Amino acid sequence: MARVIFDGVSKLYGAGQTPAVNNLSMEIEDREFLVLVGPSGCGKSTAMRMVAGLEEISGGRIIIGDRVVNDLPPKDRDVAMVFQSYALYPHMTVRDNLAYPLKLRKIPKGERETRVREAARLLDIEGFLDRKPKALSGGQRQRVALGRAIVRNADVFLMDEPLSNLDAKLRVQTRAELIKLHDRVQTTTIYVTHDQTEAMTMGDRIAVMSLGVLQQLDTPQNLYDHPANKFVAGFIGSPSMNFVDVHLQAADGKLFANADGFRMRVPDAKGRSLQKYLGETVTLGVRPEHLVERSRININMPPDATIPVKVDVVELLGNEIFVYLTNGNTTLTARMDPDLKLERGQEIEVAAEPDRLHFFDPKSEEVVA
């Protein structure tokens with residue numbers, strides 16, 4: 001087992017030396033399951049490939065265990081990688097696919113067979129050992145690809161969007177299997193995905209990247225509750241956080257956020273950190289699940305705590321509804337209870353949970369603490 005350290009790691013491409021990864025510094029603890037997440041092109045797969053030795057580093061150091069591995073070839077880094085495409089040999093049986101990396105390392109035949117059977121048992125593919133990949137389902141092939149990593153007994157597992165080729169139901173099932181597998185084998189794992197739901201449900205910690213830069217590294221709950229900036233706030237959570245530009249004004253010793261069509265009082269606890277923005281515009285953020293329809297509020301709400309809105313669209317999802325709302329030029333998305341029976345064109349009032357409001361600096365887009 002081993003920790004992995006990115007120490008100011010950069011990767012530049014092309015004549016213009018465009019950074020795919022820019023000065024990345026973070027530490028993945030021994031036995032940790034860390035998820036690298038971000039939109040396409042953010043540098044997450046490049047970062048993983050540099051750990052594997054499949055991409056050269058332009059600057060900085062990568063440390064695995066106690067070794068700086070910058071100049072080590074992939075075979076000497078003691079990492080095992082699971083690819084999106086499975087990368088199985090079609091002419092080999094499952095048994096031979098699992099055993100192949102051990103054969104390359106000249107592991108004795110008896111030990112190879114023991115490791116193959118143990119990996120097959122862990123992944124519940126013992127009944128498929130004599131089949132070839134074409135006779136397996138997508139989920140079974142993915143388990144074989146995982147098994148080929150497990151037999152290596154590597155210090156680090158690297159997984160590059162391993163579930164993206166599976167259908168929705170199988171993806172959820174395999175996600176749960178991966179979490180249980182990590183609990184059993186306890187190997188340091190770096191998992192790359194663009195799916196923030198995967199990231200939130202799987203990772204001990206999540207590293208959010210954008211344009212090659214690490215935006216925030218924290219536990220799933222802290223990323224959700226305390227995003228460091230507007231990008232993280234909008235990327236984590238589904239549906240995405242609502243953002244509204246508001247003008248801050250003081251009246252009668254209270255702070256108000258004014259937008260086109262509504263005026264909302266800012267809770268005192270939030271107002272203290274916003275004093276330096278008085279008379280200026282900031283970005284207000286509120287998650288869809290933190291917008292509450294007035295009839296569902298169990299306390300007496302003053303008029304300046306609610307927002308009048310019109311229902312534009314209602315999406316029924318069974319156990320919840322997504323409601324798309326407008327107020328003047330402001331559009332909001334709310335996540336509500338389906339028994340509200342809302343209809344298009346209906347006028348309602350919503351309130352934002354006071355302690356769930358977020359404010360962001362309009363220039364830096366950093367959160368206002």
Side-chain angles (χ1 to χ4, degrees), residues 200 208 215-311 320 322-337 340 347-369:
M200 291 291 286
V208 183
Q215 302 294 314
Q216 189 172 355
L217 172 62
D218 214 327
T219 63
Q221 196 63 52
N222 279 341
L223 284 177
Y224 177 84
D225 290 335
H226 308 290
N229 56 42
K230 187 178 175 182
F231 176 83
V232 175
F235 191 82
I236 298 296
S238 180
S240 183
M241 182 181 284
N242 297 292
F243 295 111
V244 183
D245 287 337
V246 294
H247 190 73
L248 296 179
Q249 290 182 326
D252 301 323
K254 301 170 185 175
L255 187 64
F256 292 88
N258 298 289
D260 181 25
F262 73 88
R263 181 176 191 244
M264 186 175 68
R265 182 180 170 186
V266 177
D268 292 341
K270 297 285 184 182
R272 285 190 288 273
S273 61
L274 291 166
Q275 288 301 314
K276 66 178 180 179
Y277 295 95
L278 197 59
E280 298 181 15
T281 296
V282 298
T283 301
L284 165 67
V286 59
R287 295 198 182 279
E289 49 270 41
H290 299 148
L291 282 174
V292 185
E293 198 271 334
R294 188 182 183 107
S295 68
R296 298 304 172 95
I297 301 168
N298 57 12
I299 58 173
N300 222 353
M301 293 290 286
D304 56 24
T306 60
I307 305 170
V309 290
K310 185 175 77 172
V311 176
E320 61 187 1
F322 293 165
V323 188
Y324 299 90
L325 310 161
T326 56
N327 174 302
N329 294 324
T330 300
T331 60
L332 299 168
T333 304
R335 193 179 201 157
M336 295 182 173
D337 197 311
L340 277 169
E347 294 185 352
I348 62 173
E349 289 184 359
V350 295
E353 296 182 26
D355 58 346
R356 297 289 195 162
L357 298 178
H358 303 267
F359 291 91
F360 302 93
D361 185 286
K363 294 177 182 176
S364 69
E365 297 193 344
E366 297 294 312
V367 71
V368 178

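Keep in mind that this is a model prediction, so the values were computed, not measured. Any value given below was found using the heavy atoms of this structure, including those in side chains, with hydrogens, waters and symmetry copies removed.
Applying the side chain to side chain donor-acceptor pair (under 3.5 Å) definition to pairs two or more places apart or across chains, those involving residues 225-237 are Gln215-Asn229, Gln221-Asp225, Asp225-Arg356.
Side-chain atoms of Lys270 come within 3.5 Å of backbone atoms of Leu357 as a donor-acceptor pair (strictly under, hydrogens ignored). Panel note: side chain Arg287, backbone Tyr224; a donor-acceptor pair is recorded below 3.5 Å. In this structure a side-chain-to-backbone donor-acceptor pair under 3.5 Å is missing from Asp218 to Leu223.
Closest approach of Ala233 to Phe360, counting heavy atoms only: CB-CZ, 3.6 Å. Closest non-hydrogen pair, Met336 versus Val350, comes out as CE-CG1, 3.7 Å. Closest heavy-atom contact between Ala259 and Thr330: CB-OG1, 4.4 Å.
Open room surrounds CG on Asn329; 12 or fewer heavy atoms of other groups in view lie less than 6.0 Å from it.
With sequence neighbours excluded, no residue forms a ring-ring contact (aromatic ring centres under 6.0 Å, His included) with Phe262.
Just one of Val367, Thr283, Leu284 meets the side chain to side chain contact (heavy atoms under 4.5 Å, CB included) condition when paired with Phe359; it is Leu284.
Rounding to the nearest 0.5 Å places CG of Leu255 at 6.0 Å from CD of Gln275. Separating the CG atom in Leu325 from the CG atom in Leu291 is a distance of 7.5 Å, to the nearest 0.5 Å. Here the CZ atom belonging to Arg294 is positioned 5.0 Å from the CD atom belonging to Glu349, to the nearest 0.5 angstrom. Atom CD1 in Ile348 sits 8.5 Å away from atom OG in Ser295 (nearest 0.5 Å).
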